[in-house]
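The structure under discussion appears below in the form of structure tokens.
Nothing here was measured: the structure is a model prediction, and the numbers come from that model. Here, residue 1 is the first one in the sequence, and each next residue gets the next number.
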Amino acid sequence: MALVNEQFLKLPESYLFSEIAKKVAAFKDTHPEARIIRLGIGDVTRPLPPTVIAALHRAVDEMADAATFRGYGPERGYDFLAEAIIRHDYEARGVKLSPTEIFISDGAKSDTGNIGDILSKDNRIAITDPVYPVYVDTNVMGCRAGDLLPDGHWSDIAYIPCCAENKFIPELPAEKPDVIYLCYPNNPTGTALTKSELKKWVDYALKNKVLILFDAAYEAFITEPDVPHSIYEIRGAKQVAIEFRSFSKTAGFTGLRCGYTVVPKELKGFRVNGEEVELNALWNRRQTTKFNGTAYIVQRAAEAIYTPQGQREVRANIAYYMNNARIIREGLAAAGLEVYGGVNAPYIWLKTPDGMGSWEFFAHLLYDCHVVGTPGVGFGPGGEGYLRLTAFGNTPDVEEAIERIKEWKM
Ligand code: PLP
């Protein structure tokens, strides 16, 4: 008799996006003439840059020739990509890393989800609230979350509220956790931390032997100079942090799949007896056992974004999305709504007007403006009273959506 992992049964149905789809479909049935604009999507809409496409074609041709064909690659990824990552994403910012500290993967979702494999069930986990749901759900699967309480919190997870009242700057927890997930620039709130705010966390982690799992999937969208792109820009961070990066939003790889995780050699975990263990060695063991590497052609495609032309193309796409973010942010603020984010991230976090709940405001936007957002409460109890809009749509639609909301609000 195969017993199941009962933890999976504790997870509520992930109903957020299906519930949205259901409500939109019902509205369409009764209002077939309405042109619905979706500002809820968390996926890119611009095609891959031409330089990436050319690299893919070249790599595919290599696979067709016995002389250049590649089979299994290194589980950790090819050095050509790890070296390009180090040069462009780290050395350019004064951070030194070696290729053995970079683990190329099929994306940050897998890595942020799988990292728990190398951590004990007995760790006390802290998350910011609202949060990218993968951190919570994978800790439920990994027996670290306890039980779901009626108010939407998990009994064993420490929640660090991020809300308008604290300007979305998480406060250091009163009770010391063992592991903290930080995602900056943040999904869903679109807010960022300055270097001095992030330094506070690194110093706290150094002092208290806390591991920071730093998700920097949106670093490419940073526009302000005092916002760090990598946690390793902070002195001492290599001793306390694992960093996750993704090519998904940076370069349109959501369908192609590539990301990477940095596990510095000087980062240590602990055995129950206090003995230090290199987390790099554990993650290497985990990856070489359970993962057989990212496709060669995809790694060549990722390498291409670091060429001068690749950089120009990637930057142009990001500028396109960030212009959408500006239109949303400025338009909604002009309409008298309270808006956050959208300066260093492609997400705009709206406070619902008149004390409405997230779903109530979602319904108003859908019924009155024919615009779809994502109810903030879907990202955790701390998201109640907010709604997330994304900048990944096309600009004419974004402009029209904002005009409709303005008219409705006036
Ligand atoms: N981390 C955050 C904060 C995200 O918002 C997302 C995607 O939405 C991911 C990770 C997943 O990225 P990937 O496509 O590389 O798996």
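Under 4.0 Å is where a charged nitrogen must lie from a carboxylate oxygen, and between Arg404 and Glu407 no such pair does. Salt-bridge annotation for Asp89 and Arg245: present, with a side-chain N of the basic residue lying under 4.0 Å from a carboxylate O of the acidic one. For Lys10 and Glu6, the salt-bridge test fails: no basic side-chain N is under 4.0 Å from an acidic carboxylate O. A salt bridge is absent between Lys207 and Asp203: the closest approach of a Lys/Arg side-chain nitrogen to an acidic carboxylate oxygen does not fall below 4.0 angstrom. Salt-bridge formation is detected for the pair Glu400/Arg35: a Lys NZ or Arg NE/NH1/NH2 atom is positioned less than 4.0 Å from an Asp or Glu carboxylate oxygen. Between Arg87 and Glu91 no salt bridge is recorded (no basic side-chain N to carboxylate O distance below 4.0 Å). Remark: Lys22 engages Glu19 in a salt bridge, criterion side-chain N to carboxylate O under 4.0 Å. A salt bridge is absent between Glu278 and Lys265: the closest approach of a Lys/Arg side-chain nitrogen to an acidic carboxylate oxygen does not fall below 4.0 angstrom.
In this structure, the side chain of Glu219 does not engage the main chain of Ala216 through any donor-acceptor pair within 3.5 Å. Using a distance-only test at 3.5 Å, with no hydrogens or angles considered, no donor-acceptor pair links the side chain of Asn280 to the main chain of Pro264. Without hydrogens or angle criteria, Thr352 side chain to Gly385 main chain gives a donor-acceptor distance under 3.5 Å. A side-chain donor-acceptor contact under 3.5 Å links Ser358 to the backbone of Gly383. At least one donor-acceptor pair closer than 3.5 Å links the side chain of Thr45 to the backbone N or O of Phe392. One N or O on the side chain of Gln311 and one on the backbone of Ile305 form a donor-acceptor pair closer than 3.5 Å. In this structure, the side chain of Asn166 engages the main chain of Phe168 through a donor-acceptor pair within 3.5 Å. Arg144 places a side-chain N or O within donor-acceptor distance of the main-chain N or O of Ser120, the cut-off being under 3.5 Å. Under a 3.5 Å cut-off, the side chain of Glu83 and the backbone N or O of Phe80 do not form any donor-acceptor pair.
Side-chain contact, Tyr347 with Thr189: no donor N or O sits under 3.5 Å from an acceptor N or O. Checking Asn394 against Asp397 by side-chain atom types alone, a donor-acceptor pair falls below 3.5 Å. Judged by distance alone, the side chains of Asp147 and Ser155 never bring a donor and an acceptor atom under 3.5 Å apart. Counting only N and O atoms by type, the side chains of Asn344 and Tyr218 include no donor and acceptor under 3.5 Å apart. Counted by atom type alone, Ser105 and Asp111 present one or more donor-acceptor pairs between their side chains at under 3.5 Å. Donor-acceptor pairing under 3.5 Å is recorded for the side chains of Asn139 and Tyr181. No hydrogens or angles considered: a donor-acceptor pair under 3.5 Å links the side chains of Glu313 and Gln309. For Asp106 and Ser110, the side-chain atoms include at least one donor-acceptor pair closer than 3.5 Å. A side-chain donor-acceptor contact under 3.5 Å links Tyr90 and Glu243. A donor-acceptor contact closer than 3.5 angstrom links the side chains of Thr254 and Asp43.
Here the side chains of Arg257 and Ser248 are in contact, with some heavy-atom distance below 4.5 Å. Proximity of Tyr386 to Pro375: side-chain heavy atoms (C-beta onward) are nowhere separated by under 4.5 Å. In this structure, Thr128 and Tyr184 have side chains that are in contact, with non-hydrogen atoms separated by less than 4.5 Å. A 4.5 Å side-chain heavy-atom check between Ile180 and Tyr204 finds at least one atom pair inside the cut-off. Thr223 is listed as a side-chain neighbour of Val343, based on a closest heavy-atom distance under 4.5 Å. Residues Leu387 and Trp349 fail the side-chain proximity criterion, which asks for heavy atoms closer than 4.5 Å. You'll find the side chain of Pro99 reaches within 4.5 Å of the side chain of Ile86, heavy atoms only.
Proximity of the aromatic rings of Phe379 and Tyr132 is defined here by a centroid distance below 6.0 angstrom, and this criterion is not met. A distance of 6.0 Å or more separates the ring centres of Tyr232 and Phe214. Between His31 and Tyr367, the distance separating the two ring centers is not shorter than 6.0 angstrom.
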Val131 vs Asn186, side-chain contact (heavy atoms from CB on, under 4.5 Å): CA-CA, chis, key distance, verdict:
CA-CA 8 Å; Val131 77; Asn186 188 258; over 6 Å; no
Salt bridge (Lys or Arg N to Asp or Glu O under 4.0 Å) assessment of Lys200 paired with Glu197:
CA-CA 5 Å; Lys200 208 173 62 181; Glu197 285 151 5; over 6 Å; no
Show your reasoning for whether ring pair (Phe, Tyr, Trp, His ring centres under 6.0 Å) applies to Tyr78 and Tyr296.
CA-CA 8 Å; Tyr78 285 99; Tyr296 171 70; 5.3 Å; yes
Can Leu213 and Val179 be said to form a side-chain contact (heavy atoms from CB on, under 4.5 Å), step by step?
CA-CA 7 Å; Leu213 299 176; Val179 180; 3.6 Å; yes
Kindly indicate, with the supporting measurements, whether the criterion side-chain contact (heavy atoms from CB on, under 4.5 Å) is fulfilled by Gln299 and Ile104.
CA-CA 8 Å; Gln299 293 191 61; Ile104 291 151; 3.8 Å; yes
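Heavy atoms of other residues, nucleotides or ligands lying less than 6.0 angstrom from NZ of Lys238 number more than 12. In this structure, Lys176 places its NZ atom where more than 12 heavy-atom neighbours from other residues, nucleotides or ligands lie under 6.0 Å away. For CD of Glu224, the number of neighbouring non-hydrogen atoms (other residues, nucleotides, ligands) closer than 6.0 Å is greater than 12.
To the nearest 0.5 Å, atom OG of residue Ser246 and atom CG of residue Asp215 are 8.5 Å apart.
Relative ring orientation between Phe27 and His370 is described as tilted, the plane-to-plane angle lying within the 30° to 60° band.
The side-chain contact (heavy atoms from CB on, under 4.5 Å) with Leu211 is formed by just one residue from the set Asp178, Leu119, Asn123, Ile125; it is Leu119.
Because its NZ or CZ atom is not both nearer than 6.0 Å to the ring centre of Phe291 and within 45° of the ring axis, Arg286 does not count as a cation-pi partner of that residue.
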